[in-house]
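In what follows, a structure is listed as structure tokens, so that the remarks can point back to it.
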Amino acid sequence: MSELKDYQYQARQIEDMTQHMFRFGEGKISGYAAVFLGCISFLGVLCYQFPSYLTTADLRAAYDGVALQTLLKWVMWGTLLFALLTFMLGNYRRLGAISVLLVLAGFAMGGYTLPVSEIESNNLTLGLDWLLLTLLGSVCIFTFLEKIIPKYREQAVLRPEWQIDLLYFCVNHLLIAVLLLISNHFVSSIFGWAINNDLQQTIQSMPLWLQVILLIISADFVLYWAHRTFHERPVLWRFHAVHHSVEHMDWLAGSRNHIVQTIVDRSLAMLPLYLLGTSKAALDIYVVFAAFQAVLVHANVAIPFGPLKYLLVTPQYHHWHHSTDKPAIDTNYAAHTPLFDRLFNTYHMPRRHWPKEYGTTKRLPRSFLKQLIYPFKRSK
Ligand SMILES: [Zn+2]
Ligand SMILES: [Zn+2]
């Protein structure tokens, strides 16, 4: 019975995949682009309208709110341009109409000329600004990469279950302030005693490149063992299985993480950053590198890394970690470099091959809420 269900599910996925194929000249690409940019426009205006509820103080310090209004202006006019194209091509007028309504609502609320107001730095707010900036940047960069150098050329941009993963992406980004608060509190309250000023001063006097390498290796050591423990302890595996339930790899797939896993990972990743006390420049470089690599390794891209593949965790490397092929199960735990997988005998990297299938051997429920409660339900 469950085999029949699996078969029906796979048939639905193939149907879903063909429905979501994009072809030039139909108006579907411009329609989806218009709705996507329309949502960014509307929500972007909301950020300027209600900054003390919807924007994060930490991120606000890093960007120029006035300069971003120029970006918002381009996004709003870009939406209208794509909507016009959609109306001209004809087949997807409803998408064009939705996007025009979103932009008009944005203009009615003040558009891209609202004053940029300050917010209290200790407010616990939603990170809508963080969500919109990373979503816009990620869609532009990774959709482009996945189109010009894909591993699975036939995979649609809107592949099966993209909606669940987008929801995970939104939740993880909206809750940035809460997640930062928890992880900061975790490291400072439990490991505050381990701070060593002499060590931190020595590290800060090192060249920048050496500080960055130190951060990468020490964070990778912590993340390697955290990840391995999530695989080897049955109670923890039920949380981590959510991440492995992805069956179609792309840049969005890496967002699928149970909230408990996200909190644990962020807190543990914070530990070496907190204890080493590197310079701010080194920390910034590491954070950008780690965030970019975490998305890239899930992406549907076949970038030829050459000898760099011996130094860095690549998409092929992490795709093997998600494979259902027996020899690959419980291998390739590292997040940044293959070093600790090699040292602790969990390295699996066939030279030219990529996995045939992804996912878990036992299928998980296929909705955000059911996956949220899955680890807490007693297994049969
Ligand atoms: Zn894993
Ligand atoms: Zn992964």
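Residue indices begin at 1 and follow the sequence shown. For ligands, and for the atoms within them, numbers begin at 1 and follow the listed sequence.
Rounding to 10 degrees gives 100° for the angle at the Zn ion (ligand 1) between NE2 of H231 and NE2 of H240.
Within H227, the N, O or S atom at minimum distance from the Zn ion (ligand 1) carries the name NE2.
The Zn ion (ligand 2) has H243 NE2, H298 NE2, H318 NE2, H322 NE2 as protein N, O or S atoms under 2.8 Å away.
Exactly one residue among I141, V157, D250 makes a side chain to side chain contact (heavy atoms under 4.5 Å, CB included) with E146. That residue is D250.
Using the six-membered ring where Trp is involved, H298 and H318 have ring planes that are perpendicular, over 60° apart on the 30 and 60° scheme.
A donor-acceptor pair shorter than 3.5 Å cannot be found between the side chains of D341 and T331.
By the salt bridge (charged side-chain N to carboxylate O under 4.0 Å, His left out) test, D284 is found to be paired with K280, residues two or more places apart in sequence or in another chain being considered. Applying the side chain to side chain donor-acceptor pair (under 3.5 Å) criterion to T360, with sequence neighbours excluded, gives no partner residue.
Panel note: side chain R266, backbone V264; no donor-acceptor pair is recorded below 3.5 Å.
Sorted by first and then second residue, the salt bridge (charged side-chain N to carboxylate O under 4.0 Å, His left out) pairs involving residues 213-229 (not counting sequence neighbours) are R228-E232.
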